[in-house]
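Letters go in sequence order (proteins before strands), and every chain restarts at 1. Just so it is clear, the model here is predicted, and its values are computed rather than measured.
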Amino acid sequence: MTEEIIIAGFGGQGVLSMGKILAYSGIMHDQEVSWMPSYGPEMRGGTANVTVILSDDRISSPYLKVFDTAIILNQQSMDKFEKSVKPGGVLLYEPNGISQHPTRTDIHIYQIEGNKIATEMGNKKIFNMVIMGAFLKIKPIVELENVIEGLKKSLPERYHHLIPLNEEAITKGMNNVKTYLKEKQVL
Amino acid sequence: MTEEIIIAGFGGQGVLSMGKILAYSGIMHDQEVSWMPSYGPEMRGGTANVTVILSDDRISSPYLKVFDTAIILNQQSMDKFEKSVKPGGVLLYEPNGISQHPTRTDIHIYQIEGNKIATEMGNKKIFNMVIMGAFLKIKPIVELENVIEGLKKSLPERYHHLIPLNEEAITKGMNNVKTYLKEKQVL
Amino acid sequence: MSELKLMKGNEALAEAAIRAGVDAYFGYPITPQSEVIEYLMTERPEQRTGMVVLQAESEIAAINMVYGAASTGKKVMTSSSSPGISLKLEGISYLAGAELPAVIVNVVRGGPGLGTIQPSQADYFQSVKGGGHGDYKLYVLAPASVQEMSDFVENAFDIAFKYRAPVLILSDGLIGQMMEKVNLKGQQKRLTDEEVIKRHDSWAVTGKTNRERNIITSLDLQSEKMEARVRRLMKKYEQMEKEDLRYEEFQTEDAEYLFVAYGSSARIAQKAVQLARAKGIKAGLLRPITLFPYPKKVLFDLADQVKGILSVELNAGQMVEDVRLSVEHKVPVEHFGRTGGIIHTPEEVLEALEQKIIN
Amino acid sequence: MSELKLMKGNEALAEAAIRAGVDAYFGYPITPQSEVIEYLMTERPEQRTGMVVLQAESEIAAINMVYGAASTGKKVMTSSSSPGISLKLEGISYLAGAELPAVIVNVVRGGPGLGTIQPSQADYFQSVKGGGHGDYKLYVLAPASVQEMSDFVENAFDIAFKYRAPVLILSDGLIGQMMEKVNLKGQQKRLTDEEVIKRHDSWAVTGKTNRERNIITSLDLQSEKMEARVRRLMKKYEQMEKEDLRYEEFQTEDAEYLFVAYGSSARIAQKAVQLARAKGIKAGLLRPITLFPYPKKVLFDLADQVKGILSVELNAGQMVEDVRLSVEHKVPVEHFGRTGGIIHTPEEVLEALEQKIIN
Amino acid sequence: MAKVKGAIVVDTEACKGCEVCIPVCPEDVISMTSKVNRKGYHYAFMHNPEACTGCTNCAIVCPDRAISVYRVKVTA
Amino acid sequence: MAKVKGAIVVDTEACKGCEVCIPVCPEDVISMTSKVNRKGYHYAFMHNPEACTGCTNCAIVCPDRAISVYRVKVTA
Amino acid sequence: MNVLDIIKPENQVFCKSKLMTDATLSYCPGCGHGTAHNLTMEVVDEMGISENTIGVAPVGCSVLAYDFMNIDITQAAHGRAPAVATAIARTWPEKYVFTYQGDGDLAAIGTAETIHACNRGENIVIIFVNNGIYGMTGGQMAPTTLEGMRSSTSPYGREIKSMGSPLKMTELVANLPGVYYVTRQSVHTHKHARKAKKAIKKAFENTRLKKGLSFVEIVSNCNSGWKMTPNESNIWMEENMFPYFPLGDIKVNGILK
Amino acid sequence: MNVLDIIKPENQVFCKSKLMTDATLSYCPGCGHGTAHNLTMEVVDEMGISENTIGVAPVGCSVLAYDFMNIDITQAAHGRAPAVATAIARTWPEKYVFTYQGDGDLAAIGTAETIHACNRGENIVIIFVNNGIYGMTGGQMAPTTLEGMRSSTSPYGREIKSMGSPLKMTELVANLPGVYYVTRQSVHTHKHARKAKKAIKKAFENTRLKKGLSFVEIVSNCNSGWKMTPNESNIWMEENMFPYFPLGDIKVNGILK
Ligand SMILES: Cc1ncc(C[n+]2csc(CCOP(=O)(O)OP(=O)(O)O)c2C)c(N)n1
Ligand SMILES: Cc1ncc(C[n+]2csc(CCOP(=O)(O)OP(=O)(O)O)c2C)c(N)n1
Ligand code: SF4
Ligand code: SF4
Ligand code: SF4
Ligand code: SF4
Ligand code: SF4
Ligand code: SF4
Ligand SMILES: [Mg+2]
Ligand SMILES: [Mg+2]
């Protein structure tokens, strides 16, 4: 099994750490993993994305041009990465701020209102875990308990009390992901 | 004709400019010339020497290990260069400060008391021209008038009034050079 | 006692430095390797092992700090990326000339000039031929994984002290920035001052006791002495070629075509080997792990077996010269490379083999 | 109107710069090339032609001053010697990356490190392979006489502006310090500011008038753009190889053995040819005048005629790699060199030929 | 007495929602939208347009020069 | 009354004839030889040895530490 | 009166300078670099000297200044802008040459170039944006980082003993005779921005009069590196940066205040 | 009393320190470098710290210091001694680490390293021999060359307008909080030499007490570069250098005078 994922949004959305938790979860499954970030020139607010690969085999390039899954968190990333999903692949996105919704018909498209849910939960920082939940619902490639393990590994000790909240966010994400259907969408 | 000369003494004796005047004189004779200096680490008082080559042919290396003529102006240079004179070559030296006089028997050895003469003439700066005169007496490879031309070329305009004094020094040098004879000296 | 972690290459290198008992790190931030000093500063190695970490005012200050600590026999390192390494070249030449052990890390980005911050291998020439001035070479290790970013730190210091010579770890933005699993070695004890003095008393500048004074210099005003120094260096390099060459072969036993690639390129080329084999092309890969010494003899011998060789690099054609020099023109040798921070895909690499070598 | 003088190589170069209408010189003293700036300061070129001469606070400042003036389309140069050139390498890589015309002079001394102040050719690799970081090359001219120190200044600027690329004059302490006859060219007019603007308005940074703004940069954050930049550079280098290769042959017509040597080594090797011929050995000499581009084809062809080739260098073996790459292993190629500032004698060179090649 | 009335126009795509224009407005004119622009930023708008005097305070501190200011004299 | 008498010894090969010891000697003890040493330098000597008090002024300014100083108390 | 009646071309009293391009600034939201860029270009525009102005932007967040300022610009190596500007000013004495540098650039790697260009009294303007941190590379400690201030390379706060004191480069160069005008400004409020603009104008005027070097420090936020919102960062800056880097003129007309 | 009666081992009151080797100094006759070397070694000797002293000598006439000082020495690249010394002092905090630098070295190419080692307050001694010229390379202008002074690169005299003012690096670094002791001395007469020795001793004492950086400038002649006899050069120095570089303490115990 190999799963090649891009998570793309802008700085401050927790894109990189979501990728890291995913990668750690892969390790818990004894998989080979790689995590490769890419930033724009701005430190904050600019585009930020990360490519995560989980695989049973040795990974060659941690940097990819096409993906099994694209998780897209702003319009700029949509412009850039919608076309990079492999036919039959998955595009999961956060609709807030998206003015041009995806139009491809050869891939599976899902929405998750991460901002709204995180705001409702009263902590904007768990936004990325809501997204994570949505993703895991669509592609249960790692088990929840391993994600929690991954969280523990990647969060500094002093934030471990937040793990239950994160777990809740993941569950919310799992429960709220929706298929996005345009007319004429097949597959 | 090729004449390969080393002039060796210490900084401040006018070693380099004597070499330069010699080289200029060679140019006046339409020869190929080269002038290659070598310094010690001290700026003043340290050893300083210059290799001058005058030749009818293209000159390859301006830096040499053996010489037709060595002009030696202090003991350190004697220690270093006595052995570098080609058999049958010329060693001309200033005896003041020389504690170990040359011992080779396969070369021609001359003395010139440049310091004394220059002091007598009331200008220590013409020391090197006295030496030059001595050399030209031994090896008239360039004509006096060309040396004067060389002087003009290498002295800044504002010193040209000193040219007659320099000429006089050269003549003194020519007249006062002596063969240095050790017992058993042959050739 | 080893430990499994998910880390960036840069972080793994930094952690390995602490665990290898390195005495000091001096550096200046530059993308894509600033994590090295950031990690070190966060880890408080002065508390963990007594290791000194200092952010210098520039790359030049950093390399000269390395020179200073190295001249006292301490285990010391610096890291930077391409433009910063260029600035260090005078200092690196000094380290080589003064025969000092030290480890320098270059996490290469695309050049020339300010270039890009994306990965590149365009500093190959600089690393293995003349970067700085004069007759010297660096022992160059090229990691291809986060694990090797970690492992090579200790290897590099072993070589640096074996030869009293600077060692370069030539990484790139890909290996430096990516996270992978890494098995960290246990903590090694840092030498005490007394141990350092005891071990290096024959040469290190630690204060003149009952011995002749020690001098660290790269200066010889007398040509004869300088020539002797250069000869001494050349002897070391010959010995490195004999004793400390490292490389890795992948499916070369029956290979008819050979990729030669190092570092991140080797990862891609290895995948290209698989793609080729899937297509029925018997490809193999030689990965030089040391770029100097270079696996000349291995290549020379492989050239008797294969029909052609493709040097795969993230540059406009540099290592290919060493491949050619090794192969002595027995079979065609070509270069394939992307530049400017673009990482070639395994498919591109295979296509290049087919076009440039097979057809 | 030319003029015959006795001058040091360094002085001849400086005088030629004034006469070539160079706009500015920025430098920092270092033996054996300090005469360049000393001569310029003494000559008051600001009065003779309006040329700016400034002693910078360091080699790094000097090369970045060159970068500044070059970015405005001015004719600008700097000079230094080995350790100083190492310090300039970041700047040189920037010049190449930003595609700026400029002339850099290296009067090489023995390295590595502080080394000696005696002549050397140990910066060959640095000059023709990667000195600085990234994929770039310098057009490299190697003078072998004081006359060429003078002549190559104008040649270098012609190339620099033809390609908008930095050009290196690779001299050494022998050529720089020796005096020889030199025929100086007449004074060329320095361009007025208006002429500079007119000539270079398509790229030079001189103030935005009724055109798009001009930008000088070597940065491309996007890999695709950076790759295009690298490709553009590589195109230039190919064109240089086609159009601006320079070399000199000496008694090669009937040669059975060939010396390859540049700069001061070529003078010695030429004498060695004479000594060889006197002994009945048909030797010849190929002198590359440009070290990049390198006379590959010429060597490749000569290799069909000769029985063996000796690369004669004042270093531990650098250019010999380019000789080997050119000859494609058709005949044996060996290296002979002295280091540390020792100049080989013609006799030694001949002996090396006899021992390494003939026997 | 002549009174001054102003208005601002925010370039919604240029605005990065940094909010530094808010505290410098003496009339408390500016607020952030809840919508986001293409880049994902909430952007500035006149939530209290009547109060604007066109003083340009907001515009001169806007790092992205996303604000243009207009002003007219109206006779009261 | 106890009087102090001094003397200096010049290392003639180390001396470079710079003469900086001359003006600092309060007793005008030092002068230069007319002979030169192996390097070609005239070197310092006590031309007025009686006057030396062994004050070490000359020695401390001698860049080449070519001067050693000796001193004894003599009862007058 | 309706808003739309006000928004008419003839009523426009403020808009982006035409010397700024249409490109979106690459700066983080609320970063003072944007304001400083705009003020600089507004000055050049108002003085009508854009045809004779040459900018030098070294590496730092403002490395892409050439994408934003609609004038001729040379991008320089990290720290070397004063040397680059020196050469341009020397070979084009009638031009207005300015550098736009960060604090890491000017006060760390570029220390020598800064001190010596100042000491030579080059006829240039140095605009020095001091945000107490290396913004571009991700918030490492700069020479100007305050005591106790956290950054990615001083994660437990800058410690004077091991890392030295925050360097007041501006006061240092003010001591050099070649420096004619030295001032410290900020751009985070309208009042400060207007004053800063005046200072920048004065600096360019000095170039016109060939008075030598003018040095304009702008204390600015790096909200991203400081890990605060822009408005928080501006308040923090007033409370923490200004006491150590006090605003105001330090040297005027060649005379220290 | 006969001279020979005085010259007896038991009467010796002054001789060359055993921390100076037998090698002939490579300095020109009358050069202050020699005196400064000897004084430094005499201090180290008298303090009994030679086993714990490490010298750093960069490039300049004193590059060969390791041939003369009989202690452990690292020869450093031109201008970089403060960085080299920083690392030694940091990794060997109990040692006495000093640099011995010329003015070209310390105030031109090494400006950044000097300022930053000073600013960090490294626990080292900097001995700064200011002879207003680049001695070693043949007498080129240094940052410290006086106005109107001739050198091989200011053959018509230093011109402030194009070459800048002579740089008072010592006063500059005295402003930095990390610097504990700053003094300017000379060694050309016995009085000055004795005072200079005391200053050097104080500096090394500061290292012992871990007080931070001590900076001892020694204004010295370069008779060769100035083209004068040694005694002429010393007089010229008093008349011309001292007014611009006045002797005396500038900062003592961390307090500016
Ligand atoms: C030679 C070199 N070293 C390091 C870098 C990496 N680098 C780029 S910008 C920068 C510092 C930026 O800080 P500052 O100058 O304060 O500008 P800011 O981004 O804060 O405005 C560094 C270290 C580089 N580009 N070149
Ligand atoms: C990188 C580099 N640049 C230049 C030089 C040449 N150089 C050697 S010493 C020196 C200046 C010496 O002057 P100073 O530091 O004042 O020492 P002094 O000889 O006057 O005592 C220079 C420029 C060098 N060795 N290395
Ligand atoms: S122009 Fe003045 S009043 Fe109007 S919104 Fe801006 S700051 Fe407020
Ligand atoms: S200051 Fe500018 S960018 Fe920031 S919120 Fe206001 S309008 Fe938007
Ligand atoms: S010891 Fe004193 S009195 Fe004696 S020679 Fe020296 S300076 Fe003169
Ligand atoms: S000071 Fe020393 S070297 Fe100079 S003359 Fe006197 S004894 Fe000789
Ligand atoms: S990182 Fe800091 S300085 Fe850079 S753009 Fe962002 S806020 Fe501004
Ligand atoms: S050149 Fe000057 S500084 Fe150097 S040894 Fe001679 S007098 Fe001293
Ligand atoms: Mg900053
Ligand atoms: Mg000096």
Side-chain angles (χ1 to χ4, degrees), chain D residues 22-26 46 50-76 78 88 90-95 97-98 100 102 132 190 193 196-197 201 203-221, chain G residues 18-21 26 41 44-45 49-59 63-97 99 109-120 122 124 136:
Chain D
V22 170
D23 294 303
Y25 170 94
F26 303 98
E46 79 283 5
M51 178 182 180
V52 170
V53 183
L54 182 64
Q55 181 175 326
E57 60 271 31
S58 71
E59 288 87 354
I60 292 188
I63 193 71
N64 284 285
M65 288 173 184
V66 166
Y67 183 91
S71 72
T72 68
K74 294 271 179 174
K75 266 171 112 163
V76 57
T78 185
K88 286 183 199 281
E90 186 204 24
I92 290 174
S93 176
Y94 264 76
L95 283 166
L100 292 178
R190 220 168 50 78
D193 287 356
V196 170
I197 292 176
D201 206 36
W203 61 271
V205 154
T206 54
K208 175 187 177 309
T209 47
N210 284 332
R211 52 160 170 78
E212 281 294 287
R213 71 191 185 286
N214 284 334
I215 295 166
I216 297 298
T217 186
S218 62
L219 172 69
D220 280 305
L221 284 171
Chain G
K18 68 175 188 307
L19 291 187
M20 290 294 288
T21 67
S26 55
M41 286 302 97
V44 171
D45 196 5
I49 56 172
S50 67
E51 297 201 355
N52 288 309
T53 300
I54 298 174
V56 181
V59 198
V63 65
L64 290 172
Y66 56 74
D67 273 350
F68 314 129
M69 298 185 183
N70 196 6
I71 56 168
D72 278 12
I73 291 191
T74 290
Q75 189 279 313
H78 188 34
R80 319 305 176 189
V84 171
T86 291
I88 300 178
R90 295 258 175 160
T91 49
W92 298 87
E94 303 306 320
K95 303 277 175 187
Y96 297 81
V97 182
T99 70
I109 191 171
T111 304
E113 287 75 11
T114 303
I115 298 269
H116 286 275
C118 286
N119 190 53
R120 287 189 305 262
E122 299 297 342
I124 60 173
M136 158 153 266

Subject >> Options D:V52, D:V196, D:I60, D:T206, ranked by heavy-atom pairs under 4.5 Å with chain G, top entry >> reply: D:T206

**OP:** Identify which of D:A70, D:A56, D:S71 forms the greatest number of heavy-atom pairs closer than 4.5 Å to chain G.
**Re:** D:S71

With only heavy atoms counted, which part of [X] is less than 4.5 Å from chain G, the side chain, the backbone, both or neither?
X: D:R190; answer: neither
X: D:L54; answer: side chain
X: D:V76; answer: neither
X: D:A98; answer: neither

Original post:
Does the side chain of D:T78 come under 3.5 Å of the side chain of D:Y25 through a donor N or O and an acceptor N or O?
Top reply: no

Original post:
Do D:K208 and G:S50 have side-chain N/O donor and acceptor atoms under 3.5 Å apart?
Top reply: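 Checked: D:K208/G:S50 side chains show no N/O donor-acceptor pair below 3.5 Å.
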
Subject >> Distance in Å, G:D67 CG paired with D:I215 CD1, rounded so as to fall on 0.5 Å steps >> reply: 6.0 Å

Original post:
Would you call G:D72-D:R211 a salt bridge at under 4.0 Å N-O?
Top reply: yes

Subject >> Ionic contact status for G:R90 with D:D23, cut-off 4.0 Å >> reply: no

Subject >> Sole candidate of G:E113, G:R80, G:H116, G:R120 that passes side-chain hydrogen bond (donor to acceptor under 3.5 Å, both in side chains) when paired with G:T86 >> reply: G:R120

Subject >> Portion of G:V97 that has a non-hydrogen atom of chain D nearer than 4.5 angstrom >> reply: neither

Original post:
Hey, which of G:N52, G:N70, G:T21 has the most heavy atom pairs under 4.5 Å with chain D?
Top reply: G:N70

